[in-house]
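Take a look at the structure set out below.
Below, read A as the first sequence line, B as the second, and so on, with proteins coming before strands; counting in each chain starts at 1.
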There are 2 protein chains.
Amino acid sequence: MKEITSQQQRVLDCIQIYLNKTGFPPTRADICRELGFKSPNSAETHLRALEKKGFISIESGASRGISIIGNSDLSSNMDNNYPVIGLVAAGSPTLAEENIENKISCPDDFFSSSFDYFLKVKGLSMKDAGIMEDDLVAVKKTHDVKNGDIVIARIDDEVTIKFLNRKSPKIVELEPANDDFQNIIVDLEHEDFTIEGKSVGLLRRN
Amino acid sequence: MKEITSQQQRVLDCIQIYLNKTGFPPTRADICRELGFKSPNSAETHLRALEKKGFISIESGASRGISIIGNSDLSSNMDNNYPVIGLVAAGSPTLAEENIENKISCPDDFFSSSFDYFLKVKGLSMKDAGIMEDDLVAVKKTHDVKNGDIVIARIDDEVTIKFLNRKSPKIVELEPANDDFQNIIVDLEHEDFTIEGKSVGLLRRN
DNA sequence: TATTATACTGTATATATATTCAGTATTTAT
DNA sequence: ATAAATACTGAATATATATACAGTATAATA
């Protein structure tokens, strides 16, 4: 990255401020208006200098086709929109559009492991593990689960969140964290059982 | 905010994805290309519907003058580093540097209300409220608290997190959410009592 | 039943916008 | 000493783009 001149810095700042204000980049004319230039070519040449030095990129031919490079902590941060899924019974695919209640913007590295969606918890079967109704459990879609993990499992058409406990190659036990609920024993030979994923974190919004 | 249709959601997602990819919003033609529409008016009408419902704003006459409302990955939704504070006894100021265990980058609008720091919970006195050891409670520094709020309070040199229950102008009761613990009754006339803030959310990282 | 919202295709056009060309002047490298 | 980069004005233009207009069709409301 080469050295930037003070005027070029003013133009770069102008682009960033315009972006923060409007949500889209400025035109040459916009930059002129903001900085008091009288010719669009003033903005143009500054933009080309900034491009040459690697501060911005310019999409040829596109209007407002300016984007600021290396801006990871500002506008183009590592946030992603993660869907919030309700605990749905009927065996519809978990991430089907109709199940998405809303989306939450969240850094990708927010939990110890990457994750795929938030599961909105129904019921209190895991309350002794501190998982309450309407809590959002960060779920990583994986089959790599160990005994003791909090897993999201599907038995036939029922989706549930429980502690995993493999008893034998053919028997899986799902343990709630609430004395009012009973263990679920799954016979893998006779029941349709799938591990959707496991919990890697939890989010509660009062 | 009115209800969004699935096609309108596709268009909204398309705008967000285009923004993440290029750094500037799409044109009507871009949206058509991405979603397979054959007429720019298809994009136009969807955009106007999204505008009418309050999901986006459109700058009249401006090319690519689309900005997503609320979500705003660009301006207000900047991530911030929030300190993680341990439940410290000795009456040192809560945000003093020596108490900061680490920092967590998190969007400013992550919880229903803005907040100031994460409190790392010690003990299980709030376990029936789903607050477990080492959970991170998002704390908003405020004195505007109501009965039933989960508050972070200081009695003399002791900091604690409990349910608030004002019994009278002179008596405050702090209620744990665990039968093994007893209510704390504070006499405001004889004890040094401060409300540090209240819980506005919770974060658990497995 | 009429009306409005949704969901499109297809054509047309005013204008918003990038971009080139022609200058002038100052400063910085080689 | 000469070239190259910086820092502008001013005018011209091809085209990128928003947007209106004319249709068709279906589902949801009133």
Side-chain angles (χ1 to χ4, degrees), chain A residues 1-19 21-69 96-98 100, chain B residues 1-19 21-69:
Chain A
M1 194 84 73
K2 282 185 184 170
E3 207 180 297
I4 196 169
T5 69
S6 65
Q7 280 300 84
Q8 286 163 6
Q9 185 67 58
R10 281 185 72 209
V11 174
L12 190 59
D13 290 344
C14 170
I15 297 166
Q16 185 65 62
I17 290 164
Y18 194 100
L19 263 168
K21 203 166 56 186
T22 68
F24 42 88
T27 65
R28 277 58 168 172
D30 290 329
I31 296 171
C32 290
R33 204 172 309 114
E34 295 290 330
L35 299 181
F37 301 150
K38 290 180 181 168
S39 166
N41 194 40
S42 300
E44 178 71 20
T45 50
H46 279 131
L47 290 174
R48 294 301 164 183
L50 285 166
E51 186 191 31
K52 205 174 172 185
K53 292 180 178 178
F55 292 100
I56 62 172
S57 74
I58 301 172
E59 175 79 15
S60 175
S63 63
R64 302 177 187 270
I66 305 167
S67 59
I68 298 177
I69 293 174
E97 212 171 87
E98 63 269 24
I100 298 178
Chain B
M1 192 85 73
K2 283 186 186 170
E3 206 180 295
I4 196 170
T5 69
S6 66
Q7 281 301 85
Q8 286 163 6
Q9 185 67 58
R10 282 185 71 210
V11 174
L12 190 58
D13 289 344
C14 170
I15 297 166
Q16 185 65 64
I17 290 163
Y18 194 100
L19 262 168
K21 203 166 59 187
T22 68
F24 43 88
T27 66
R28 275 59 166 171
D30 291 329
I31 295 171
C32 290
R33 204 173 308 114
E34 296 290 332
L35 298 180
F37 300 150
K38 289 179 181 167
S39 167
N41 195 39
S42 300
E44 178 71 21
T45 49
H46 278 132
L47 291 174
R48 293 302 163 183
L50 285 167
E51 186 191 31
K52 204 173 171 186
K53 292 180 177 177
F55 291 100
I56 62 172
S57 74
I58 302 173
E59 175 80 16
S60 175
S63 63
R64 301 175 190 271
I66 304 166
S67 61
I68 297 177
I69 294 174

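Among the atoms of the strands shown, only primed sugar atoms or phosphate atoms (P, OP1, OP2) are found under 4.0 Å from some heavy atom of B/Ala62.
Of the side-chain N and O atoms in A/Lys53, one or more sit less than 4.0 angstrom from OP1 or OP2 of D/dT6. Checking the phosphate oxygens (OP1, OP2) of D/dA16, no side-chain nitrogen or oxygen of B/Ser63 falls inside 4.0 Å. Proximity of A/Gln8 to the phosphate of D/dT6: a side-chain N or O atom is located under 4.0 Å from OP1 or OP2. The side chain of B/Thr5 contributes no N or O atom lying less than 4.0 Å from OP1 or OP2 of C/dA5. In this structure, A/Arg28 does not reach the C/dT17 phosphate: none of its side-chain N or O atoms is under 4.0 Å from OP1 or OP2. Regarding contacts with the backbone of C/dT19, a side-chain N or O of A/Ser60 is found under 4.0 angstrom from either OP1 or OP2.
Counting to the nearest Å, the C1' atom of D/dT17 and the CZ atom of B/Phe24 are 14 Å from each other. The distance from atom CG of B/Leu35 to atom C1' of C/dT9 is 16 Å, rounded to the nearest whole Å. Taking atom CD1 of B/Ile31 as the reference point, atom P of C/dT9 lies 13 Å away to the nearest angstrom. Between A/Asp30 atom CG and D/dT17 atom C1' the separation is 15 Å, expressed in whole Å. A/Ile4 has its CD1 atom 17 Å from the C1' atom of C/dT28, to the nearest Å. In this structure, the CZ atom of B/Arg64 is 16 Å from the C1' atom of C/dT15, given to the nearest Å. For the pair B/Arg33 CZ and D/dA16 P, the interatomic distance rounds to 11 Å; values are reported in whole Å. For the pair A/Phe55 CZ and D/dT6 C1', the interatomic distance rounds to 15 Å; values are reported in whole Å.
A salt bridge does not link B/Asp13 with B/Arg10: every distance from a Lys NZ or Arg NE/NH1/NH2 to an Asp or Glu carboxylate oxygen is 4.0 Å or more.
Rounded to the nearest 0.5 Å, atoms CD1 (A/Ile66) and CZ (A/Arg28) are 5.0 Å apart. Atom CZ of A/Phe37 is separated from atom CD of A/Glu44 by 12.5 Å, given to the nearest 0.5 angstrom. Put simply, CZ on A/Arg64 and CD1 on A/Ile58 are 14.5 Å apart, with the number rounded to the nearest 0.5 Å. Between the CG atom of B/Leu50 and the CG atom of B/Leu12 there is a distance of 5.5 Å, given to the nearest 0.5 Å.
Each end of the helix from C/dT1-D/dA30 to C/dT28-D/dA3 gets its own axis, taken as the rotation carrying the C1' atoms of four end pairs onto the next four within a five-pair window, and the two axes meet at 30° to the nearest 10 degrees.
Nearest heavy atoms, A/Ser63 versus B/Ser63: OG-OG, 2.8 Å. The nearest pair of heavy atoms linking A/Leu19 to B/Gly23 is CD2-O, 4.2 Å. The minimum heavy-atom distance between A/Phe24 and A/Tyr18, with the atom names listed, is O-CD2, 3.1 Å.
Set against D/dT17, C/dT6, D/dA7, the side chain of B/Thr27 has D/dT17 as its closest nucleotide.
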Q.
Assess the residue pair B/Asp30 and B/Thr22 against the criterion (side-chain contact (heavy atoms from CB on, under 4.5 Å)); give the C-alpha distance rounded to whole Å, side-chain angles, the decisive distance to 0.1 Å, and a yes or no.
A. CA-CA 12 Å; B/Asp30 291 329; B/Thr22 68; over 6 Å; no
Q | Derivation and outcome, side-chain contact (heavy atoms from CB on, under 4.5 Å), residues A/Ile68 and A/Gln16 | A | CA-CA 8 Å; A/Ile68 298 177; A/Gln16 185 65 62; 3.3 Å; yes
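Of all the residues in residues 37-49 of chain B, B/Pro40, B/Asn41, B/Glu44, B/Arg48 reach under 4.0 Å from DNA chain D with at least one non-hydrogen atom.
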